[in-house]
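Notes to accompany the following structure.
This one's a predicted model, so the numbers in the text were calculated from it and none came from an experiment.
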Amino acid sequence: MVRNKSAILLCLLVVTSIAAVPASAESSVYGNPELSLSVSDNTYRSSEAATLSVVASNNGRLEQGGPAQYEQEVQTAQSVEMEILEEQIDAPIDVKTGTVTAGSIPDSGTARFDFNIELGNAEPGTYEIPVEVQYKYVRMVTYGSVDGPEYTWRTVTREKSVTVEVEDRPQFEVVSEGNNAVFAGDTGQLSFALENTGTRTATSSSVQLTTQSPTIFFGTMQNPQSSTSLYVPTLEPGERTNLSVQVGAAAETQAGEYPVNLAVSYQNQNGVTETSDTLTTGIAVNPERSFEIRDIETERFRVDEGEAKINAQVVNTGSGTANNLAVQIGNTALVTPTNGESAIGDLAPGESKPVSFTVSIPAGAEPGTNTFPFVVEYENQDGDVRTTSPIRKSIAIEPEQDPFTVVGVNTSVSPGATDTVDVTVQYNGEEPVSATNAKLFVSDPISTSDDGAYLGEMQPGETKTATFTVSAGSSAVVKAYDASVEVRYDEADGDTRYTDGLPVGIALSPSSGGLPVPMSVLGVVALLGIGAIAVIYRRR
């Protein structure tokens, strides 16, 4: 009974105490964030540009708990900023990025701060990178008052550091380049020196080259490739090797500079294959080589001519010297080249040199203007022969020219009389001819008793006169009658040739004694005269 009374009294005291607590009593939650730093990938190479990524992890500390939202607030780092203290770095590292801001980092959260850095010629090893971190946070949240929670803020600035490592490994750099230039539509050499600027020997290295333009290629024009590789057995630290590969540019490539990327795959000291960063070299493309054929002149360029000549000038209108240049007259159905190539040697930009060709023009060719193709061949810097597209030029083929022409006819023959006809001919050929004979062809009422004349040897441009005896019938009228002369001659090579008939007009002239007297009348007169003489003689 006594025990029950004591229990009842105790309960009354507890209830009374709880009722006595004021309704406005306040409570607090307090704590703080704790940031730790790390680097996601802390391995670097000397003499490279890289990104240093610092990761900040928040492992908040709660000293007095309360509602969850208040616990989160006191453990969150807000307005977090990070800066690398470059002046305190004991290494050839240049920081290119200033202060980096990441916003808020809650408890158990992370944030990444990226800095662009450049490493100089740093020795292999580890280096401390000092950083300064600044943030603010809610130190304490007081709640329970009728006015709502109250926040106590703090700002923190701390210096920390991260560790980076400069690897002991091969490293590569293109340290010199040759005169890497090609002409559009041609090939050349891409030459460069590759140096191991790292701290270890590279073995079994493969240098992979890749073009960045679809019109730049490796190899030959017949088998172009977008990539190629070169093998380097070993390359010691500080050692360099000279490399060269054939490269070319398509004809449509615009003049300019074009990049070529290269990467080196090698075996490290553990026999594991690694690949270097991408390096870049370049190739210069000059405008496509170009030539012109100008100042064309022809000699004996006519139908049925075996030694027709073309004389011209070839001009280098491009930007580079063409070596061992030759010009050819291309194939055509019109003529047959007898000397279709003219070699002129080297031709500098803007320079011109004469070229000449000899062709045979057949008798069946049609006179008129025709197009003739000319092709230029030359050697590039590698000694490879290159051929241009045809350069087309218009040249006129003249009509066939007779080797002999009639330049004069002289005669005084009259109807019923006999006289001579002088025919003067001119030799129009290029080489002397011999055993020249002229033969006259006539038709009624003109006849000839001596139709041949020997002219002998004749020089180019020389004229000679052939004399023939002709008679005109008594019934002929005074006018010009058609006739022709055919010339037979021997060429310098001994071949005998004949001309076609050369037109000759034989003009009859009136008799000098008046009207012409028929032969029968002359006979009667003669008989009467003889009779009269006989009668007189008898009378004596």
According to the salt bridge (charged side-chain N to carboxylate O under 4.0 Å, His left out) rule, which pairs have a member within residues 239-258, sequence neighbours left out? Glu195-Arg240
Is it true that Asn339 and Glu341 share a donor-acceptor pair across their side chains at a distance under 3.5 Å? no
When you check the side-chain N and O atoms of Glu379 and Asn323, is any donor under 3.5 Å from an acceptor? no
Do you see a donor-acceptor pair shorter than 3.5 Å between the side chains of Tyr266 and Arg169? yes
Residue pair Glu86 / Gln88, side-chain donor-acceptor N/O under 3.5 Å: no
Would you list the atom pairs, donor with acceptor, under 3.5 Å between side chains in residues 364-373 and any protein atom, with sequence neighbours excluded?
unit_1 : atom_1 : unit_2 : atom_2 : d
Asn370 : ND2    : Gly368 : O      : 3.1

Does Leu209 reach the side chain of Asn261, with side-chain heavy atoms less than 4.5 Å apart? no
Is the Tyr70 ring parallel, tilted or perpendicular to the Tyr151 ring (thresholds 30°, 60°)? perpendicular
The single option from Glu430, Glu431, Glu307 that satisfies salt bridge (Lys or Arg N to Asp or Glu O under 4.0 Å) with Arg300 is Glu430
Nearest-0.5 Å distance that lies between atom CG in Asp295 and atom OG in Ser352: 8.0 Å
Would you say the side-chain atoms of Tyr44 pair up with the backbone N or O of Asp41, donor to acceptor, closer than 3.5 Å? yes
In plain terms, say whether Glu132 and Arg158 are close enough for a salt bridge, that is, a side-chain N and a carboxylate O under 4.0 Å apart. no
N/O donor-acceptor pairs under 3.5 Å from side chains in residues 104-120, not counting sequence neighbours:
unit_1 : atom_1 : unit_2 : atom_2 : d
Asp107 : OD1    : Gly60  : N      : 2.8
Arg112 : NE     : Asp114 : OD1    : 3.2
Arg112 : NE     : Asp114 : OD2    : 3.4
Arg112 : NH2    : Asp114 : OD2    : 3.2
Asp114 : OD1    : Ser53  : OG     : 2.7

Of Val285, Asp186, Val182, the one forming a side-chain contact (heavy atoms from CB on, under 4.5 Å) with Thr253 is Val285
Is the distance between the ring centroids of Phe374 and Phe291 under 6.0 Å? no
Counting distance only, does the side-chain N/O of Ser360 pair as donor-acceptor with the main-chain N or O of Thr336 below 3.5 Å? no
Please determine which of Val133, Thr99, Val131 meets the side-chain contact (heavy atoms from CB on, under 4.5 Å) test together with Glu83. Thr99
So, using salt bridge (Lys or Arg N to Asp or Glu O under 4.0 Å) as the criterion, who are the partners of Asp277 when residues are at least two apart? Arg45
Assess, by modelled atom type and distance only, whether the side chains of Gln189 and Ser244 contain a donor and an acceptor separated by less than 3.5 Å. yes
So does Asp90 have more than 12 non-hydrogen atoms from other groups sitting under 6.0 Å from CG? no
Between Asn311 and Glu299, a side-chain donor and acceptor under 3.5 Å: yes
Partners of Glu63 by salt bridge (Lys or Arg N to Asp or Glu O under 4.0 Å), sequence neighbours excluded? Arg61, Arg139
Any donor-acceptor N or O pair under 3.5 Å, side chains Asp490, Ser434: no
Which ring-ring contact (aromatic ring centres under 6.0 Å, His included) pairs, counting each pair once, include a residue from residues 186-210, with sequence neighbours left out? none
Check for me whether Arg289 meets the cation-pi criterion with Phe183, that is, NZ or CZ under 6.0 Å from the six-membered ring centre and within 45 degrees of the ring axis. yes
